[in-house]
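Beneath this line is the structure, given in C-alpha cells, with notes to follow.
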Amino acid sequence: MSQVVEAPTAGAGDDRGTGGRTGGGLHLRSLTKEFASFTAVKSLDLDIPSGSFFALLGPSGCGKTTTLRMVAGLETPTSGTITLGERDITWEKPYRRPVNTVFQNYALFPHLDIFENVAFGLRRRKRSDVKPAVEQMLALVELESQARKKPAQLSGGQQQRVALARALINNPEVLLLDEPLGALDLKLRRSMQIEIKRIQTEVGLTFVHVTHDQEEAMTMADTVAVMNAGVIEQMGAPAELYENPRTTFVANFLGQSNLIEGTVAGREGDVVKVDMQGTVVSVPSARAHLETTAGHRAWVGIRPEKVLIAEVGEVIDAPGNSIPGGVISDVSFVGVSTQYLVRMPWGQELQVFEQNTGRRRLFRTGESVDVSWRPDYAFLLDHEQDASAGTDRSDLPS
Amino acid sequence: MNGPLQRLGRWVGSHLVLAGGLLVLLYMFVPIFVVVLMSFNDPDSRLIYRFDGFTLKNWANPCAADGMCGALSRSIQIGLLATVVATLLGTLMAFALVRHRFHGRSAANLGIFLPMASPEIVMGSSLLALFVAAGFGGRLGFWTILIAHIMFCLSFVVVTVRARLAGLDDNLEQAAMDLYATEVQTFRRVTLPLVFPGILGAALLSFSLSFDDFIITNLNAGNTTTFPMYVWGVAQRGVPMQVNVVGTVMFLVSVVIVVAVEVRRRRQERVLAG
Amino acid sequence: MTATATRPAGSSAPTPEPAPPAKRPRRNLTGYWLLLPGALWLAVFFVVPFYSLLATSLYDPGGSVLEGYDMSWAFGNYVTAIQEYWRPLVRSLWYGAVATAICLVLGYVLAYAIAFKAGRWKNLMLILVIAPFFTSFLVRTLSWKLLLRDDGFVVDTLQFLHVLGADGRLLATPVAVIAGLVYNFLPFMVLPLYASIDKIDPRLVEAAGDLYARPFVGFFKVTWPLSLPGVVSGTLLTFIPAVGDYINAQLLGSPGQRMIGNVIQNLFTDAGDYPVAGALSVMLMLLILVLVLVYVRRAGTEELL
C-alpha cells in the first residue's frame with residue numbers, strides 16, 4: 001500500500017539530496033477547524049495511503065477546502081494532528097512541508113513567465129540544475145514552447161497545466177488539488193481529468209483532490225470520501241459508494257436515487273424484508289444501513305437506471321421487487337437513454353432511466369406500467385435522515 | 001420611429017456627450033496653453049501681464065528670476081524627502097490595514113480618511129497652533145514644512161497602495177509559501193513586485209502634492225520660501241516669465257511619466273493579445 | 001526504496017526524522033508595528049493640532065504671538081469671529097456650493113463621455129484629465145488672471161456679445177473667483193464620477209431602453225442612481241477644498257470676494273490675531289463636518305472612499 005513509485009519524468013530527482021520519503025501516507029487525527037461563527041471541520045479522521053489518488057467530494061461549504069488548506073499549512077487547525085508518515089506537520093510552516101498545492105484559480109505569479117513560475121519552488125530551495133528539471137516538467141505537461149510567455153497569455157487549460165507542473169516539479173509527498181478544473185469549460189474539464197490521471201499514474205505521487213463535481217471525483221480518484229457539514233459521510237472506491245450508499249446524502253449527492261418510504265418487516269437470512277407502501281420488497285442485509293428490527297421505518301433506495309418498467313402484466317426478469325400501478329407522467333428522450341417519471345399509487349414520482357437499446361418501444365405519458373427491480377440493487381437507509389439531503393445542486397456548474 | 005431624422009437626432013445625441021466632454025477637457029487645458037505661450041513671452045513691463053513678443057531668453061536663463069531657483073530647489077528637496085518618508089510609512093500602514101487583523105481598525109481607517117477630507121486652511125492653522133504652542137513659533141521653516149507635507153501625503157499613499165494591495169490575490173502569496181518561499185522570500189519575490197506599481201504611483205502623487213502645496217505651507221513656513229510661495233509673492237509684485245518655464249517643464253515631465261506608464265501598459269496588453 | 005528528498009534544503013537525514021514538537025503560532029502583533037509609525041505621525045501632526053487649534057481659539061484675545069497667550073476660556077472669540085467675519089464665511093460656503101454644482105455638471109458630462117463614449121481613447125482622456133494638474137496650481141491660476149483680464153480676449157468677446165457692458169469686467173468679480181474654483185477642483189469631481197460611471201454595466205442602460213424607458217428617463221432611472229456614490233464623493237472632494245481655498249479669491253477676486261481662507265490666513269500671518277483666527281478655523285471645520293454629515297445621510301450612502 002505504501003510503496004513509493006519513483007517519478008520517472010518528474011525530473012531533478014537524483015540531485016535533490018538523499019533524504020528519505022516518510023512513506024506511510026497522510027493521516028489526519030481528530031482534525032477540527034472552528035471559525036468564529038461555525039465549525040468547518042469536525043474531528044476528522046482520515047488515512048490516505050501513499051501513492052493513491054484520493055478525492056474529497058462534497059458541496060461547497062462542507063469543509064473539504066478547509067481540510068485541504070490545513071494539510072497545506074495555509075490554515076491552522078483548532079485541534080487535532082496531521083502526520084505525514086511519522087512526521088507531525090500540524091504546525092509546520094507551509095514552506096517547510098513536503099506538500100504542494102494546485103490552487104483553485106491556479107495562483108500563477110503574473111509577473112513571472114511560465115519557466116520561472118515552474119522553477120519557483122526549486123529556486124527557493126536552491127536546487128542546482130533548475131533548467132533541465134523545468135524543461136522536463138514542461139514537456140510532461142506539453143508546454144515546452146510556452147516557457148517564456150506570461151501566465152496571462154495562456155489559455156485556461158494551459159494555465160491549469162502550468163499550475164500542475166509548478167507543484168509537481170517539487171516532487172511532493174502529497175499533491176493537493178483544490179477544485180483544479182473548476183474554471184475550465186466542460187469539454188476541457190473532461191480531457192484534463194484524463195490528463196491529470198495519466199500524470200498521477202506516471203509520477204506515482206499521492207494526489208488529494210478536492211471537488212464538488214461527483215463525476216470528476218469518480219472519474220479520477222481511486223478512493224472517494226464524501227464530505228458533508230464538516231464530517232465524512234462515507235469513503236470508498238467510486239463504484240462502491242455509488243452502488244451501496246450508506247446515507248441519503250451520499251445516495252443523492254453521488255448520482256440520483258429514488259428513496260421510498262417503508263417499514264422493516266423482519267429479517268430472513270441475509271435478506272431484509274420491507275413493507276414498502278403495501279408491497280413487500282427485499283433488500284440484502286449487507287446493503288441495509290440501519291437497525292433491521294421489525295417496525296423500524298426506513299428509506300428503500302434504488303438508482304433510476306436499476307428500475308425496469310414494463311407493460312401491465314408483462315413478465316420481466318426481476319424477481320422479488322415488483323410494484324404495480326404506476327402511470328408514466330413524463331418522458332424525456334435524451335439520446336443514449338430515455339428518462340421517465342412514473343407516478344406511483346402513493347403519489348410519489350419515481351425516476352426511471354432506460355437505455356435506448358432499440359429492443360423496446362418508448363412509453364408515452366399517461367400509460368399504465370409496472371415497475372420492478374432486482375433486490376440486489378436496492379439499499380436501505382435510516383428514515384431519520386432527510387430524504388432530500390444532497391439533492392440541492394444549485395452550486396454545481398451545469 | 002426610425003426615420004432618417006430620428007436617426008440623425010440620435011447620432012447627434014450620442015456624439016453630443018462626447019463633444020461636450022471634449023470641450024470640458026479643452027477648458028482644462030486652456031491655462032496650460034497660456035503657460036506654455038507665456039514662457040516664451042518677452043514682456044514690456046513687469047506689471048502688465050500679457051504677451052508682448054517672442055523670446056527664448058526665459059528658457060535660456062531660468063534662474064535669472066530673483067530667488068526663484070532657490071525656492072524651486074527647496075521645493076524639490078522637501079518634495080523628495082516628504083515622498084520618501086510618506087511612501088515608506090504609508091506603505092507600511094497599507095500593509096497593516098489590508099493584511100492584518102487588529103483592534104481599532106475602523107478608527108485607523110477614519111484617521112486616514114480625515115486628512116483628505118479636511119480643508120487645508122484648517123489643517124494648516126491647526127498645525128501652526130501646535131507649533132506655536134510647543135514653542136516652535138520662531139523656528140518655522142524647512143522642517144515644519146516637511147512635517148506638514150509628510151502628514152498630508154500619508155493618507156494619499158495609504159489609499160493608493162491599499163487599493164493595489166487589496167486587488168492582489170492572496171492566493172499568490174500562499175502559493176509562494178506552498179512552493180517553499182519563506183515569509184521574507186515571499187515578500188521579496190511575489191508581494192513587492194506586484195505591489196510596486198501602486199507604491200510608485202503613490203510616490204509620484206506624494207511628490208506632486210508636496211511640490212504644489214501652498215495653503216498649508218504658507219501658514220507653517222516662517223521666512224522660508226517654496227516655489228508656490230514664490231509665485232504667490234511675485235503675483236502681487238509682477239510675475240517673471242521664468243515661472244511659466246517652470247510650469248511648462250512640470251507639465252512636460254509629468255506628461256512624459258504618465259505617457260511612459262501608459263505606453264508600457266499598452267505594450268504589455270498587445271503582447272497579451274498577440 | 002529509491003526515495004527522493006522533498007524536505008527543504010539542509011535537512012538531508014537519510015532516515016525519516018522524528019516528528020518535531022507541535023508548536024502553536026503566537027498571536028501576531030506585526031499589524032500594530034506596521035501601523036505604528038504612520039499612525040503616530042498622524043496622531044501627533046493631525047489629531048493633536050486640532051486640540052491646539054481648539055485651545056488657541058479660547059485664548060485671551062489680549063495677548064499676542066510675541067508675548068504669548070493666556071488660556072482664559074474666551075468663548076467671546078467666537079462671537080467676535082461671527083460678528084466680524086460672517087460675510088466671508090457665508091460667501092465661502094456659497095461660492096463653494098455654486099462651484100461644486102457647476103463642477104458636477106461639467107464633470108458628469110466629461111466622466112460620462114470617458115466611461116461610455118471614448119472607446120479606445122478612454123485611457124488617453126483620463127491622462128488628459130489629470131495632466132494639467134501637475135502644473136503648479138498657482139501658475140495655472142495666474143494664467144486665468146491673464147485670460148480674464150480687462151482688455152483680454154474673453155472680456156472683449158463678451159462685451160462684443162453684450163453679455164458684459166462696455167466697462168464690464170470679469171476679474172475682481174464673483175464670476176472670476178467661482179470660475180477659478182471650478183477650474184481648479186474639477187478633477188476632484190471627474191475622477192470619482194468616472195470610477196462610479198465606469199462600473200455601470202452598459203447593458204443595464206440597454207435593458208432600461210428595452211423596458212420602454214426613453215433615453216432621458218433611462219438616464220435618470222438607471223445611470224444617475226447607480227452613479228450616486230461617485231456623485232457623493234465627487235461633490236465632497238470638490239466642496240471641501242473649494243470652501244477653504246483662498247488662492248482664487250486672492251488672485252482673481254478683490255476684497256469684495258474675500259473668502260474665509262483669506263481671513264484666517266491674514267489673521268494668522270499678518271494681523272497675528274491667533275484666537276479669532278483659531279475660532280474661525282474651528283467654526284469652518286465644524287460647519288463643513290455638519291454639512292457633510294447631513295449631506296451623506298440624505299444622499300443615503302456611507303461610501304465615502
Side-chain angles (χ1 to χ4, degrees), chain A residues 16 36 65 68-69 71-75 92-113 116-127 148-155 159 162-163 165-172 174-179 183, chain B residues 91 94-95 98-106 160-161 163-203 260-274:
Chain A
R16 283 204 229 169
T65 296
L68 193 83
R69 288 170 61 82
V71 175
L74 301 173
E75 209 86 69
E92 288 250 52
K93 293 271 189 189
Y95 50 82
R96 304 272 309 166
R97 351 184 142 193
V99 171
N100 291 112
T101 308
V102 177
F103 285 80
Q104 185 162 13
N105 291 313
Y106 320 135
L108 299 180
F109 304 124
H111 59 303
L112 302 179
D113 63 20
E116 286 304 323
N117 261 281
V118 175
F120 194 90
L122 298 183
R123 292 212 194 282
R124 295 292 80 72
R125 291 181 300 153
K126 311 265 190 292
R127 299 294 179 208
R148 288 303 163 195
K149 288 193 179 166
K150 290 280 174 72
Q153 293 169 263
L154 266 52
S155 71
Q159 291 184 18
V162 176
R166 188 178 71 171
L168 271 179
I169 194 168
N170 302 293
N171 202 11
V174 178
L175 183 78
L176 306 172
L177 301 113
D178 183 8
E179 303 268 9
Chain B
T91 302
F95 268 94
V98 177
R99 288 300 159 83
H100 294 274
R101 309 261 133 225
F102 48 82
H103 299 290
R105 189 184 188 74
S106 48
T160 313
V161 177
R164 179 84 191 177
L165 202 52
L168 192 68
D169 182 2
D170 32 319
N171 272 333
L172 292 173
E173 284 162 320
Q174 298 186 348
M177 301 263 264
D178 185 62
L179 294 166
Y180 311 103
T182 61
E183 285 89 348
V184 175
Q185 287 173 324
T186 301
F187 183 77
R188 218 168 72 81
R189 303 277 172 185
V190 176
T191 317
L192 197 58
L194 290 173
V195 181
F196 191 71
I199 297 177
L200 192 68
V261 170
E262 174 69 6
V263 164
R264 206 179 109 87
R265 202 183 59 78
R266 286 226 171 168
R267 191 180 301 145
Q268 275 172 348
E269 247 169 35
R270 226 188 348 264
V271 168
L272 296 190

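Computation of the quantities below employed the complete heavy-atom set of this structure, encompassing side-chain atoms and omitting hydrogens, waters and symmetry-equivalent molecules. Here is how names work: the chains are called A, B, and so on, in the same order as the sequence lines, proteins then strands, and each is numbered from 1.
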Subject >> Heavy atoms from other residues, nucleotides or ligands near CZ of B:R189 exceed 12 (cutoff 6.0 Å) >> reply: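 Counting other residues, nucleotides and ligands, CZ of B:R189 stays at 12 neighbours or fewer.
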
[X] versus chain A, the contacting section by heavy-atom distance below 4.5 Å:
X      : result
B:L172 : both
B:E173 : neither
B:Q185 : side chain

Can you tell which part of [X] gets under 4.5 Å to a heavy atom of chain B, answering side chain, backbone, both or neither?
X      : answer
A:L176 : neither
A:R123 : neither
A:F103 : side chain

Original post:
Quick one: does A:Q159's side chain have a donor or acceptor within less than 3.5 Å of a partner on A:L154's backbone?
Top reply: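 Looks like yes, one N/O pair under 3.5 Å.
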
Original post:
What's the shortest heavy-atom distance between A:R166 and A:A107, and which atoms?
Top reply: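 Scanning both residues, the minimum pair turns out to be NH1-O, 2.9 Å.
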
Subject >> Flag side-chain contact, heavy atom, 4.5 Å: A:H111 against B:L192 >> reply: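 Answer no - side chains too far apart.
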
**OP:** Calculate, to the nearest 0.5 Å, the distance between atoms CD and CZ belonging to A:E116 and A:F109 respectively.
**Re:**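 Interatomic distance, A:E116 CD to A:F109 CZ, rounded to 0.5 Å: 11.0 Å.
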
Subject >> B:N171 versus A:Y106, side-chain donor and acceptor atoms under 3.5 Å >> reply: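 No - no donor-acceptor pair under 3.5 Å links their side chains.
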
Original post:
In terms of heavy-atom pairs under 4.5 Å with chain B, which of A:V102, A:N100, A:N105 leads?
Top reply: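 The option with the most such pairs is A:N100.
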
